[in-house]
Amino acid sequence: MSIAKTYNPKETEEKWYKTWMENGFFRSKPNPRKQPYTVVIPPPNVTGVLHMGHMLNNTIQDILIRRARMQGKEACWVPGTDHASIATEARVVAMLKEKGIAKTDLTREEFLEYAWEWKDKYGGIILEQLKKLGASCDWDRTRFTMEPDLTDAVIKVFVDLYRKNKVYRGVRMVNWDPMGLTAISDEEVIPKETVAKMYHLRYFLEGPSQTMGSDYITVATSRPETIMADVAVAVNPNDERYKHLIGRNVMIPLLNRAIPIIADEYVSVDFGTGCLKVTPAHDLNDYELGQRHSLPVIDILNDNGTLNEKAVLYVGQDRFAARRNIVKDLQEAELLADVKEYPSILQTSERTGAVIEPKLSMQWWVKMDAMAKPALDAVMNDDIKLHPPKFKNMYRSWMENVRDWCISRQLWWGQRIPAYYLPDGSFVVAENLQEALDMARTQTENPDLTEADLRQDEDVLDTWFSSWLWPISVFDGFKDPDNKDINYYYPTNDLVTAPEILFFWVARMIMAGYEYRKEMPFKNVYLTGIVRDAQGRKMSKSLGNSPDPLDLIEKYGADGVRTGMLYSSPAGNDLLFDEKLCEQGRNFSNKIWNAFRLISSWEINNELENPNETAIAWFEAKFNLGLSQMEEHFEKFRMSDALMTVYKLVWDDFCSSYLEMIKPAYQQPIDAATLKATHQFMENVLKVLHPFMPFITEEIWHELKERPIKDCLIVAPWPKVGKVDVILLEKMDRVLDVVAGIRNIRNQKNIPNNKALPLHVKTQSAHYYEGFESIITKLANLEEVNYSENSLENAISFVEGPDEFFVPMEGNIDLAAEKERLEKELEYAKGFLDAVSKKLSNERFVNGAPAIVLEKEYQKKADAEAKIKALEQSLAALV
RNA sequence: GGGGUGUUAGCUCAGCUGGUUCAGAGCACCUGCCUUACAAGCAGGGGGUCACUGGUUCGAAUCCAGUACGCCCCA
């Protein structure tokens, strides 16, 4: 049989993904005999297409799931998408616009019809893409945050929290787009750097002036047109300039309304004039300041950005026209002291380009304090572990200063808030209209109320208000709180997500978990870094620096891309992605492929003795050591290190060392025992590689020998760590160093590899090399090995441990160079001995250091002395 | 402004509660090889004042303080 010289991922990937699906290997159902291992996917946005962040995140989840599955756990990875109200609505609005339809022309119902149509058409793309990556999700469990069951859950929770007084209605500052006449989210606000003008205005003190010339204070503002909404002037309590004025009143320029001077730490002394006019209706910080000091709120703007009658002056003018006019009037009244330019950031609307107006409006909120408490404790006491733990601090500072959560959005795509307003202005909150009507009738004592009298809230709920229920709702834990699935799979095990949403999402899931299941939603949170380009820039569509993951898979194979993603992604650190990493991944695939080719090319000869016992015992030890290191990395969620451990185990130990040791001469057969052991090793190697590189390993698993189709690697048992023969490993380390020493001589002296060399070993303990001689001979291509207690003349030598190795050169030696090399080595050894001796002659060290350390130092000293002696003899022999 | 976190080879990072010849790995680089598993490869090699300054200690990349620079979160 002939096997392709390079691995061909494409058909392999399709074939095995299909086979895994057909055999239901991804599927999971509660199995009391097995330990559950559960991961819920961070639901990608339905509008999304696969980007590098998803690649990293889902590769990691797949690795965890595949390993758990092989470990014999009931592995369940639940996939799904979230409805992404803002993004999806924007997408649908754009699509409608192309068709010449404006959102305002449609009713809510008509719009939603278009939106669902859009979702059905495009919403599944990203999940299909995940399959290309090899993601072994239980696709039968795919959920969507706006599907009926999950919507019911959201409504139920809203109503429940409202009744527990944890949801309330209150005023909040939103980003108002006066042109689009809608509130928009922070994400839709585009900051633009501009040079703004700072106007210095004179506010005269109320009452009789004390001294001439100091009877006013100067307030700096960039928005003079809002002075009519002023309710106070604030100064820093430590500001010597104004301390004496705190508590007095000043008059608003032009308007001549009196407002108080108040003191607040918020005001910075060195910005502007140190006097801040407080306009709670038109600035978020001012609003909070106003709340702290119980100041009134005067809103002087209409929704379209013109001034209303509360402004008294400039009524009906647009805010910018009003600004021009008031500046002129202030100047004429000599109330404008100065105008200064300063760099500022202007917030504009992504939709219309209009300057955003901070505007107070009625919103729905979730009270956070009570729910935050158990969620904070769970993380601080490590019930829920964050990986890496450095995020604990960040988590704590956020949870300790948590603000109430605004959950209403002025959109249509999403779950409509189940609050129903009555004709008298009051409202009821209920799971459905019928219930709402009953409540309304009771509340108003008016049995004649009809459905038509109720008006449901126009807003929808924040998408996070769906996502925070995800680990519970995907198992129908709200619909049926005691069902088999939720009881078995919850709490889930590991969550893999990005640090940016630690608060938005992770913290809130923890809150929901304790609120509704009295239990954490997951035990570990693995936080991945941000995928950046090689220059460290965040990958983004606008920069165009993000490769298309599917192109990469096409080019390097899914296995290659998976390993490429992982090579440089320590937990929580950003990953500087470079296509070269995928290339490295592909090369690794190829390496594995060729190891397989070699093994499968061997003909067996049952007559032969096994000459490879040492090599076999060694690799077994090496494998067990590697496996145990890998398990340790997995325990700590150090995926990159786990991969690197296998990488080196496979490439260096298995391929470069083990296979070279046992490889029969060209076209020679191999003995049965060695072949059997090697097959076993190969299978074990494939197993530990499988979570990282599922496709190639499954392919080789089946190529290696005929197996029934159900006997797939994906469900093969994970190897257990066996005994590690440490002594054997140590000996082989020295042996391989000897081999490297000889190869080095070859390199330096340009001796071709196919020329066999004699080796002379000067040693007191030739038996040390028993069992290894054939290995050294084979790897270094020797013709003979001699042992003696003497040096050899006319040879190049090197020292390993207590022994010295000589390769005769028949006069082909550069004596001077050789001498220099040995002297250099000798000098280093002497220096080292000096340092050790000094340490050992230091009484305080000898008294203070633990016995183990001392012992090591004495050993070091003895080794160094032996080495020096050997080197000196070699030098002597040179002459 | 507040808080967090980091600075180790050209790049990306390990280095746990101070103590092995401790200064490491992968990639990149240099040299020599198309040696019938693999040039997507093999063999070998060079490369770092562990950001800076001071302190604790018999001993510091590791602990402490300060400085510089970077990143993240919140305002």
Side-chain angles (χ1 to χ4, degrees), chain A residues 3 5-7 265-266 268 270-271 284-285 288 388 390-398 400-401 403 499-500 502-503 529-530 534 536 556 560 567-570 572-578 580-581 583-602 632-633 636 638 640-641 643-645 647-648 651-652 655-656 659-660 663 665-667 739-755 779-781 828-829 831-833 835-836 838-850 852-857 859-860 863-864 867:
Chain A
I3 304 167
K5 201 169 169 182
T6 50
Y7 167 63
E265 298 274 355
Y266 167 73
S268 63
D270 46 11
F271 189 76
L284 180 58
N285 293 314
E288 287 172 356
K390 66 176 177 186
F391 287 107
K392 265 169 90 169
N393 282 329
M394 230 164 88
Y395 182 86
R396 182 178 55 201
S397 70
W398 192 76
E400 282 175 350
N401 301 296
R403 295 161 155 226
E500 299 111 275
L502 186 57
F503 316 134
I530 298 167
Y556 301 104
Y567 277 134
S568 66
S569 64
N573 281 14
D574 287 357
L575 175 148
L576 298 188
F577 180 80
D578 195 322
K580 274 185 192 157
L581 293 168
E583 197 181 319
Q584 197 188 338
R586 178 202 59 184
N587 294 355
F588 186 40
S589 302
N590 206 42
K591 186 73 190 175
I592 298 163
W593 184 252
N594 277 291
F596 153 66
R597 278 180 68 214
L598 175 66
I599 291 169
S600 60
S601 73
W602 292 332
E632 223 178 295
H633 289 314
K636 295 181 185 153
R638 298 164 66 140
S640 185
D641 295 304
L643 171 61
M644 196 44 73
T645 305
Y647 181 84
K648 286 195 276 192
W651 201 305
D652 300 344
C655 294
S656 298
L659 289 178
E660 292 300 330
K663 185 163 129 184
Y666 181 54
Q667 287 190 338
V739 170
I742 299 163
R743 285 170 171 173
N744 191 9
I745 291 173
R746 275 186 195 280
N747 249 303
Q748 282 173 2
K749 296 292 163 194
N750 274 319
I751 304 167
N753 289 326
N754 54 16
K755 184 179 189 297
L779 296 192
N781 191 17
Y828 179 83
F832 178 71
L833 178 63
V836 177
K838 217 186 233 166
K839 228 190 253 187
L840 283 169
S841 58
N842 182 336
E843 222 172 285
R844 289 212 272 180
F845 171 71
V846 178
N847 294 334
I852 267 198
V853 174
L854 263 183
E855 200 178 306
K856 278 178 182 166
E857 292 301 315
Q859 187 58 47
K860 280 197 248 173
D863 289 351
K867 184 161 186 173

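As a basis for the values below, the full set of heavy atoms in this structure was taken, side chains included, without hydrogen atoms, waters or symmetry mates. Naming: A, B, ... by sequence-line order, numbering from 1 per chain.
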Secondary structure string for RNA chain B (Watson-Crick or G-U under 3.5 angstrom, | for other-strand pairs): (((((((..((((.....[....)))).(((((.......))))).....(((((..]....)))))))))))).

Using a cut-off of less than 4.0 Å, is there contact between a side-chain N or O of [X] and OP1 or OP2 of [N]?
{"X": "Arg746(A)", "N": "G45(B)", "result": "no"}
{"X": "Arg586(A)", "N": "A40(B)", "result": "no"}
{"X": "Asn747(A)", "N": "G45(B)", "result": "no"}

Nearest-Å distance once atom P is located in both U20(B) and A61(B): 10 Å

Sugar-phosphate only, base, or nothing, as touched by Arg396(A) at under 4.0 Å among non-hydrogen atoms: nothing

Sugar-phosphate only, base, or nothing, as touched by Phe588(A) at under 4.0 Å among non-hydrogen atoms: nothing

Given RNA chain B, 5'-ward residue of the pair Asn393(A) and Phe503(A), judged by closest heavy atom: Asn393(A)

Interatomic distance where CE belongs to Met394(A) and C1' belongs to G6(B) [whole Å]: 14 Å

Nucleic acid footprint by protein, nucleotides 33-39 of chain B - heavy-atom cut-off 4.0 Å, B for base, S for sugar-phosphate alone: --BBBBS

NZ/NE/NH1/NH2 to OD/OE distance under 4.0 Å, Lys580(A) and Glu583(A): no

Parallel, tilted or perpendicular, as decided by the 30° and 60° cut-offs, for the rings of Tyr647(A) and Tyr567(A): perpendicular

